[in-house]
Amino acid sequence: MNDLAEYYDGFLVDLDGVVHLGWQPLPGAVRALAELSRRGKGIVFLTNDPRLGRAAVATRLRGLGIAAEADSVVTSGWAAAVRVADTRGQVYVIGSPELRAEVAGAGATVLSSAEAGIADRILVGGHSGFDYAELVAACRAGDNGAELFATNRDATFPMPEGPWPATGAILAAVETALGRRARSIGKPEPEIFHVARALLGPGRIAVIGDRMDTDILGGHRAGLATILVHQGPDRPVGEPAPDHVVTCLAELLHPR
Ligand SMILES: [Mg+2]
């Protein structure tokens, strides 16, 4: 009897709402990931959360009992950092200290708010320290012709007590002030999936995620198989439909 995991050689696994919720592990997730690794499946963790660096995400995953290294983690922040640093220019970053460090680590010069007027590019990533002064600095940069990038467009991220505002909420303020739309790198854009896919060997790869509008849409756009993690009585509707629907990661290992 085959289980769903047998059909694939590797997985791009979303974090929030699949592996953990607010850094509390979801039931069965840690054991399921260990079993997938034991079977030799490739696993890359793929998150739209731009607030932490790859190494910090890996450290938190290890704290949950999951074998993870920085090079098996792709964040929208890291993928966007690599993209905005590809010209080795000067970047004004609205985002966490960790996001600024990712951009500097990728080879760009990260400007302060006072220096933002000379930026070649602006990168927006959600963070809890967002304030009006950052919006003013982004305006200066944008007014002088800086290109506008975003880590992602998620309006919210899940927390145990309910959704919190994410990058999209802050990006809306920046886009409104600048009067133009950012180029986003994270899910559902194919770019981040291509970056993550490149970290796995050849074979059949599936995206696992809990959001139709980011994980499933983006995986489909990138030409990958898709598995929706969804609890509750109503199967979510929308196009493209996921290839499979499971209630939790452990269900990948249930005989079918
Ligand atoms: Mg999620």
Side-chain angles (χ1 to χ4, degrees), residues 4 10-30 32-33 36 43-54 56-58 60-61 64 66 68 72-80 96 99 125-128 150-171 184-193 195-197 205-222 224-232 234-238 240-252:
L4 191 50
F11 299 95
L12 305 183
V13 183
D14 176 44
L15 290 177
D16 258 322
V18 172
V19 174
H20 57 70
L21 194 56
W23 294 104
Q24 293 297 311
L26 286 162
V30 173
L33 289 166
L36 291 172
I43 295 173
V44 168
F45 298 100
L46 179 55
T47 175
N48 252 7
D49 186 343
R51 293 170 300 169
L52 292 176
R54 300 169 87 193
V57 171
R60 287 206 185 191
L61 289 173
L64 302 182
I66 296 164
S72 62
V73 173
V74 173
T75 69
S76 66
W78 178 67
S96 65
L99 180 60
H127 72 133
S128 59
T151 56
N152 65 302
R153 290 187 175 277
D154 292 24
T156 60
F157 60 86
M159 286 291 277
E161 71 272 28
W164 283 28
T167 300
I170 292 169
L171 181 61
S184 178
I185 305 300
K187 301 184 259 188
E189 300 306 323
E191 189 162 341
I192 192 170
F193 292 91
V195 168
R197 174 67 184 85
I205 306 298
V207 172
I208 305 174
D210 66 323
R211 286 180 72 142
M212 290 286 287
D213 61 346
T214 54
D215 303 304
I216 304 306
L217 175 60
H220 181 81
R221 281 182 180 169
L224 299 165
T226 54
I227 300 171
L228 179 72
V229 175
H230 178 76
Q231 286 182 315
D234 299 322
R235 184 177 170 132
V237 292
D243 295 300
H244 309 280
V245 181
V246 296
T247 58
C248 61
L249 270 185
E251 198 179 321
L252 290 172

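Everything numeric in this text was worked out from a predicted model, so none of it was measured. For reference, positions follow the sequence shown, starting with 1. For ligands, and for the atoms within them, numbers begin at 1 and follow the listed sequence.
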K187 pairs by salt bridge (charged side-chain N to carboxylate O under 4.0 Å, His left out) with which of D213, D16, D14?
D14
Do the charged groups of R153 and E189 touch, with an N to O distance under 4.0 Å?
no
Shortest-distance N, O or S atom of D14 relative to the Mg ion (ligand 1)
OD2
Have a look at D16 and say which of its N, O or S atoms is nearest the Mg ion (ligand 1).
O
Please state whether the separation between the Mg ion (ligand 1) and some N/O/S atom of D215 is under 2.8 Å?
no
Exactly one candidate in I227, L224, I216 meets side-chain contact (heavy atoms from CB on, under 4.5 Å) with V207; the answer is L224
D210, N/O/S atom nearest the Mg ion (ligand 1)
OD1
Do N152 and T167 have side-chain atoms, one donor and one acceptor, less than 3.5 Å apart?
yes
